Amino acid sequence: MSEIIQPRVLKGFRDFLPQAEMERAALVEALTATFRSSGFVPIDTPALEYSEILLGKAGGETEKQIYRFADNGGRDVALRFDLTVPLARFMAEHSSELYLPFRRYHMAKVWRGENTQRGRYREFMQCDFDIVGVDTASADFDIVSTIALAMRALGVPGAAIHVNHRGVFNRFLEKAGIADKSVETLRVVDKLSKIGAAETRTLLAELVGGSAADEILEFIRGGEGFEATLARMTAIAGGPNPDSDRLAELFEMADACGLGGSVRLAPSITRGLDYYTGVVFETFLAEIPEIGSVCSGGRYNDLASLYTKQRLPGVGAAIGLDRLLAALEAIGKSAKPAGYTKVLVVNADPSLCAEYQAAAASLRAAGVACEVFPEARKLGQQYAYAEIKGARFALVRGPEEKARGAWLLRNLSDRSNAEYDSLEAALAALSALEG
RNA sequence: GUGGAUGUAGCUCAGCGGUAGAGUCCCAGAAUGUGGAUCUGGAUGUCGCGGGUUCGACACCCGUCAUCCACCCCA
């Protein structure tokens with residue numbers, strides 16, 4: 001007898017039991033509806049790509065985190081670590097078959113070989129939505145508004161969408177004469193909300209000196225309204241410019257759509273990924289900001305240039321479905337469906353199974369999700385099973401009901417029974433109760 | 001990748017260098033067609049895994065795997 005292989009999954013990879021998967025499915029359904037309502041269409045791409053495609057513009061971090069190996073044919077391949085880079089390849093490869101502007105959504109698993117933490121896994125689902133082919137404030141705003149709609153659809157309308165523009169920051173760095181330290185500076189600045197102003201200043205002072213550090217702190221100090229912060233940033237960065245104008249336009253649209261309160265100008269956010277070239281976004285839940293951004297993105301005007309000479313500017317954002325779910329669970333706002341069965345057809349007598357199945361077929365034809373309990377067990381056990389599956393009613397017909405020509409409908413929540421002299425009558429009563 | 005904590009029944013956790021425990025859950029019966037209470041009885045463990053020290057290891061040591069936390073980075 002061979003030894004039993006221990007059933008297990010890799011670190012950072014997970015199985016999803018029905019309860020968890022139904023919660024995820026509910027999120028996916030809500031997001032799908034949101035994306036479609038704003039004109040996004042779905043696409044899909046392979047999980048595995050040539051490494052050179054995915055690593056084209058990757059920095060050191062991406063290279064460390066990517067799952068990369070030689071396939072059976074000796075090809076150098078890698079698992080996608082996000083959905084944006086594959087989109088760039090996809091656009092370059094299929095631009096002649098597409099139309100611009102192209103707005104797509106894509107919900108799929110991605111893989112990163114980094115260390116795990118709550119809400120951070122090695123295999124996780126991203127929900128991306130992007131608009132490719134235009135570089136306008138309107139497109140930027142469409143992404144912001146879609147984030148806001150998605151958060152509303154998920155029951156967290158109070159989410160704060162933090163917005164910034166890399167161009168404005170770069171102008172400021174030029175003017176302050178520290179452009180050569182931009183990468184390190186951006187990295188430190190990104191931590192402001194986490195480590196606080198004092199600690200940030202210490203780190204910046206080590207990097208660029210005390211006076212420049214004070215200048216940077218003054219630049220990234222948020223807190224006022226969007227327009228006041230923008231005016232101050234613009235002034236410090238050397239006056240009006242196309243990038244700050246873009247932010248102003250973006251805010252004007254948000255304000256006009258009633259989203260002025262959700263959109264905040266956060267001069268300290270810069271985003272680590274180096275393919276962003278314009279506006280950048282991060283989204284925080286008011287109830288649990290410490291879990292990090294649940295939806296991030298920005299404008300990337302050069303990404304497709306790795307794969308095509310055609311100019312394909314884009315803007316988009318990615319929702320981290322698993323982190324979002326962890327956050328929603330932590331604040332008690334995740335949907336918890338027990339199951340999809342509305343009615344359990346009880347098996348009270350195996351010889352009546354044909355009637356049970358016929359009744360179930362009628363229920364389904366009427367749009368009522370139901371299942372027949374597949375063997376005869378004690379009624380109590382069958383009711384308990386129905387409760388586990390989230391059913392609200394049980395349809396019962398045993399020898400006694402059969403003799404009377406009746407069907408019994410049991411309301412599982414209040415444990416009341418009602419008898420009907422036909423299946424049609426029971427069905428009618430059911431739809432009345434369901435409202 | 002670095003540092004810290006944790007890993008004992010399905011779940012939540014006690015425990016101690018000398019025979020593995022509690023609560024809960026589950027199963028059966030009291031109640032042979034009606035699941036939320038009660039009572040009675042019952043089942044369940046490679047003490048994460050692998051080595052080592054020891055007369056003896058769940059306990060001590062080393063390694064390993066996994067989870068959580070921090071750094072880093074990010075969804």
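FYI, side chains are in, hydrogens and waters are out, and symmetry mates aren't considered; it's all heavy atoms of this structure. These figures come from a predicted structure and were not determined experimentally. To find a chain, count down the sequence lines: A is the first, B the second, and so on, and within it residues start at 1.
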5′-ward residue of the pair A:G12/A:R397 relative to RNA chain B | A:R397
When the aromatic ring centroids of A:H162 and A:F284 are compared, is their separation below 6.0 Å?
-> yes
Check: A:R299/A:N301 side-chain N/O donor and acceptor closer than 3.5 Å | yes
Inter-nucleotide C1' distance (B:C47, B:C16), Å rounded | 12 Å
Are the side chain of A:D82 and the backbone of A:V85 linked by a donor-acceptor contact shorter than 3.5 Å?
-> yes
Closest nucleotide among B:G33, B:G36, B:U34 to the A:E401 side chain | B:G33
First locate atom OH of A:Y67, then atom OG of A:S51, and finally report the distance between them rounded to the nearest 0.5 Å.
-> 14.5 Å
Check: A:P399 main-chain N/O paired with A:D349 side-chain donor or acceptor under 3.5 Å | no
Atom CZ of A:F281 and atom C1' of B:C74 are separated, to the nearest Å, by 17 Å
Interatomic distance where OH belongs to A:Y121 and C1' belongs to B:C69 [whole Å] = 14 Å
Using a distance-only test with no angle check, is there a side-chain donor-acceptor pair under 3.5 angstrom linking A:S37 and A:T34?
-> no
Whole-Å distance between B:U64 C1' and A:R8 CZ?
-> 10 Å
Of all heavy-atom pairs between A:R323 and A:S293, which one has the smallest distance, and what is that distance?
-> NH1-O, 3.1 Å
hbond_proxy A:R410 side chain to B:U34 base (donor-acceptor, 3.5 Å cutoff) = yes
Please work out if A:V346 contacts a base, only the sugar-phosphate, or nothing of the nucleic acid, heavy-atom cut-off 4.0 Å.
-> nothing
Under 3.5 Å, is there a donor-acceptor pair between the A:T84 and A:D128 side chains?
-> yes
Where the side chain of A:L408 is concerned, which of B:G35, B:G33, B:C73 is the nearest nucleotide?
-> B:G33
Separation of the C1' atoms in B:G7 and B:A14, to the nearest angstrom | 15 Å
Out of B:A28, B:G36, B:C69, minimum distance to the side chain of A:Q381 belongs to B:A28
5' precedence on RNA chain B between A:N115 and A:G119 (nearest-nucleotide basis) | A:N115
Round to the nearest Å and state the distance from A:I319 atom CD1 to B:C74 atom C1'.
-> 16 Å
When rounded to the nearest Å, what value does the distance between C1' atoms of B:U46 and B:U40 take?
-> 33 Å
Among B:C71, B:U67, B:U34, find the nucleotide with the atom closest to the side chain of A:T116.
-> B:U67
Output one line per pair: protein atom, nucleotide atom from nucleotides 41-50 of chain B, and distance, for all N/O pairs under 3.5 Å.
none

Grab the N/O contacts between the protein and nucleotides 9-13 of chain B below 3.5 Å, and write none if there aren't any.
none

For nucleotides B:G15 and B:C60, find the distance between their P atoms and express it as a whole number of Å.
-> 12 Å
With sequence neighbours left out, what residues match A:P374 under side-chain contact (heavy atoms from CB on, under 4.5 Å)?
-> none
Determine the interatomic distance between C1' on B:C27 and the same-named atom on B:G35; round to the nearest Å.
-> 15 Å
A:L10 atom CG is separated from B:C65 atom P, nearest whole Å, by 11 Å
B:C68 phosphate, OP1 or OP2, under 4.0 Å from A:Q117 side-chain N/O = no
Honestly, is A:R14 close enough over A:Y121, meaning NZ or CZ under 6.0 Å from the six-membered ring centre and within 45° of the axis?
-> yes
Minimum-distance nucleotide (side-chain atoms of A:R118 versus B:C68, B:G36, B:C73) = B:C68
In a table with atom names and distances, give each donor-acceptor pair under 3.5 Å that connects a side chain of residues 389-397 of chain A to protein atoms at least two apart or in another chain.
unit_1, atom_1, unit_2, atom_2, d
A:K389, NZ, A:E371, OE2, 2.9
A:K389, NZ, A:Y385, OH, 3.4
A:R392, NH1, A:E434, OE2, 2.7
A:R397, NE, A:A406, O, 3.0
A:R397, NH1, A:E355, OE1, 2.4

Under 6.0 Å between ring centres, would you say that holds for A:F35 and A:Y105?
-> yes
When the P atoms of B:U12 and B:C26 are considered, how many whole Å apart are they?
-> 16 Å
Please confirm whether the backbone N or O of A:F16 pairs with a side-chain atom of A:R24, one donor and one acceptor, at under 3.5 Å?
-> no
For atom C1', what is the distance between B:G48 and B:U8, given to the nearest Å?
-> 10 Å
Which whole-number value in Å describes the distance from A:E114 CD to B:C68 P?
-> 13 Å
For RNA chain B, the residues among residues 368-380 of chain A that have a non-hydrogen atom under 4.0 Å from it | A:K378, A:L379, A:G380
Interatomic distance, CE@A:M107 vs CD1@A:I43, rounded to 0.5 Å, equals 12.0 Å
Kindly say whether A:L325 contributes a backbone atom to a donor-acceptor pair with the side chain of A:E23 at under 3.5 angstrom?
-> no
What distance, rounded to whole Å, do you find between the two P atoms, one in B:C62 and one in B:G4?
-> 12 Å
Selection from B:C73, B:A28, B:U34 that lies nearest to any side-chain heavy atom of A:R120 = B:C73
For RNA chain B, list all stems, counting runs of three or more consecutive pairs where every pair is Watson-Crick or G-U wobble with both distances under 3.5 Å.
-> B:1-7 with B:65-71, B:10-13 with B:21-24, B:26-30 with B:38-42, B:48-52 with B:60-64
Contact class for A:D349 (heavy atom, under 4.0 Å): base, sugar-phosphate, or nothing?
-> nothing
Face-on cation placement of A:R103 at A:F40 ring, 6.0 Å and 45° thresholds = yes
Using a cut-off of 4.0 Å on non-hydrogen atoms, how would the nucleic acid contact of A:L412 be classed: base, sugar-phosphate, or nothing?
-> base
Whole-Å distance between B:U34 C1' and A:E387 CD?
-> 13 Å
Would a distance-only check, ignoring hydrogens and angles, find a side-chain to backbone donor-acceptor pair under 3.5 Å from A:R80 to A:P46?
-> yes
Regarding the side chain of A:K11, the nearest nucleotide among B:G35, B:U67, B:C69 is B:U67
Nearest-angstrom distance from the residue atom CG of A:D15 to C1' of B:A66 = 14 Å
